[in-house]
Amino acid sequence: PDRDVFITFNLENPFEALEIPSGPANVSLKNLDVISHDIQDKILELLNNHDLRLITSSVQSVEQLKATGFSAALLSALDPVEINVPSLAQRKKDLPVLFESLVRQTCRSLNTHMPQIPQSIYAEVIAKNWDGNQPALRNFATTVAVGLNVHKPQMEEMPLADQMLS
């Protein structure tokens with residue numbers, strides 16, 4: 001394909017028009033579950049009239065899309081292969097490793113040293129539900145990497161030897 005087109009649909013800023021690629025293209029459509037029936041029809045028209053490889057994503061399963069009235073014709077044309085990616089809430093035991101990896105990536109991109117991550121931060125990571133999934137975890141990792149979310153112990157929380165050095 002000649003080019004790649006990336007489109008993210010969201011409820012706050014609905015996408016109203018699809019750019020028609022000239023020639024073959026890879027088209028990535030994110031958040032397919034929030035698009036209107038008009039946009040669904042336009043996507044189907046594009047698929048039928050242009051040389052496209054379409055990659056889509058949705059937080060809903062194919063069955064959920066069907067149940068909400070998503071275009072059966074578009075689903076048929078997409079011929080979806082469903083890949084279930086578990087949410088972070090379903091992967092609690094992996095969270096510390098994922099979190100540390102995200103902190104490390106941020107430190108590398110900022111060319112800073114990897115901070116010592118206190119156990120209280122790991123506990124917070126495991127305790128949260130992470131409704132925003134990976135973007136929310138990445139944002140939290142960034143705040144830890146730059147030192148914005150690290151708890152500074154109060155004098156009375158410090159061991160006596162540390163209090164004497166302060």
Side-chain angles (χ1 to χ4, degrees), residues 1-112 114 121-122 124-146 148-149:
D2 291 342
R3 61 184 268 215
D4 295 325
V5 178
F6 299 94
I7 300 168
T8 299
F9 298 103
N10 63 61
L11 293 174
E12 294 80 32
N13 187 17
F15 190 77
E16 296 300 328
L18 287 173
E19 178 185 337
I20 299 174
S22 59
N26 293 318
V27 178
S28 174
L29 302 175
K30 187 176 178 183
N31 300 331
L32 201 61
D33 49 297
V34 300
I35 63 174
S36 69
H37 289 287
D38 289 342
I39 297 292
Q40 291 175 39
D41 292 340
K42 289 177 184 177
I43 293 169
L44 184 58
E45 184 181 324
L46 282 174
L47 279 173
N48 290 332
N49 297 321
H50 297 279
D51 184 9
L52 302 177
R53 181 180 345 178
L54 196 60
I55 300 168
T56 64
S57 69
S58 170
V59 295
Q60 295 181 352
S61 69
V62 173
E63 289 306 313
Q64 290 171 319
L65 288 172
K66 288 178 184 176
T68 60
F70 196 87
S71 167
L74 180 55
L75 280 175
S76 177
L78 291 174
D79 191 23
V81 173
E82 194 165 348
I83 300 171
N84 183 21
V85 178
S87 69
L88 292 178
Q90 296 169 312
R91 301 183 63 193
K92 291 283 187 186
K93 68 178 183 173
D94 298 329
L95 284 175
V97 174
L98 290 169
F99 176 73
E100 190 170 312
S101 174
L102 292 170
V103 173
R104 193 174 313 284
Q105 286 175 11
T106 300
C107 290
R108 261 184 271 174
S109 70
L110 297 174
N111 198 26
T112 62
M114 177 75 177
I121 296 290
Y122 285 115
E124 186 175 345
V125 166
I126 292 169
K128 282 191 176 183
N129 193 20
W130 300 109
D131 290 331
N133 230 343
Q134 188 171 353
L137 183 63
R138 181 179 301 278
N139 288 341
F140 185 64
T142 299
T143 63
V144 170
V146 298
L148 296 177
N149 201 343

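Keep in mind the model is a prediction, meaning the values are calculated, not measured. Numbers for residues simply follow the sequence, beginning at 1.
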request  = Kindly indicate, with the supporting measurements, whether the criterion side-chain contact (heavy atoms from CB on, under 4.5 Å) is fulfilled by N26 and I55.
outcome  = CA-CA 8 Å; N26 293 318; I55 300 168; 5.5 Å; no
request  = Mind running side-chain contact (heavy atoms from CB on, under 4.5 Å) on K128 and L95 for me, showing each step along the way?
outcome  = CA-CA 10 Å; K128 282 191 176 183; L95 284 175; over 6 Å; no
task = Please step through side-chain contact (heavy atoms from CB on, under 4.5 Å) for the pair L78 and L32, ending with a clear verdict.
result = CA-CA 12 Å; L78 291 174; L32 201 61; 3.9 Å; yes
ask   = Are I35 and L29 close enough, and set up right, to give a side-chain contact (heavy atoms from CB on, under 4.5 Å), and what steps lead you there?
value = CA-CA 10 Å; I35 63 174; L29 302 175; 5.9 Å; no
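Scanning both residues, K93 and P96, for their nearest heavy atoms gives O-CD, 3.7 Å. When every heavy atom of F70 is checked against every heavy atom of L75, the shortest pair comes out as CD2-CG, 3.6 Å. Between V59 and Q64 the shortest heavy-atom distance is O-OE1, 4.2 Å.
In this structure, CG on L98 lies 10.5 Å from CZ on R138, to the nearest 0.5 angstrom. For the atom pair T56 OG1 and N31 CG, the distance stands at 10.5 Å (nearest 0.5 Å). Atom-to-atom distance recorded for L44:CG and N49:CG is 9.0 Å, nearest 0.5 angstrom.
Inter-residue side-chain proximity for L47 and L74 is flagged as met; some heavy-atom pair is nearer than 4.5 Å. By the 4.5 Å heavy-atom criterion applied to side chains, I121 and F140 are counted as neighbours. Within the 4.5 Å cutoff, side-chain heavy atoms of V125 are placed close to those of W130.
Looking at residues two or more places apart in sequence or on another chain, you find a side chain to side chain contact (heavy atoms under 4.5 Å, CB included) between R104 and E100, R108, M114. In this view, T106 and L110, T142, A145 satisfy the side chain to side chain contact (heavy atoms under 4.5 Å, CB included) rule, not counting sequence neighbours. Listed by chain and residue number, K30 satisfy the side chain to side chain contact (heavy atoms under 4.5 Å, CB included) test with S57 (two or more places apart in sequence, or in another chain).
The list of side chain to side chain donor-acceptor pair (under 3.5 Å) pairs with a residue in residues 68-84, not counting sequence neighbours, is empty. Applying the salt bridge (charged side-chain N to carboxylate O under 4.0 Å, His left out) test to every pair with at least one member in residues 68-77, sequence neighbours left out, gives no pairs at all. Pairs of residues two or more places apart, or lying in two chains, that qualify as salt bridge (charged side-chain N to carboxylate O under 4.0 Å, His left out) and include a residue from residues 83-92 are R91-D94.
Taking a cutoff of 4.0 Å between a charged side-chain nitrogen and a carboxylate oxygen, E45 and K42 do not qualify as a salt bridge.
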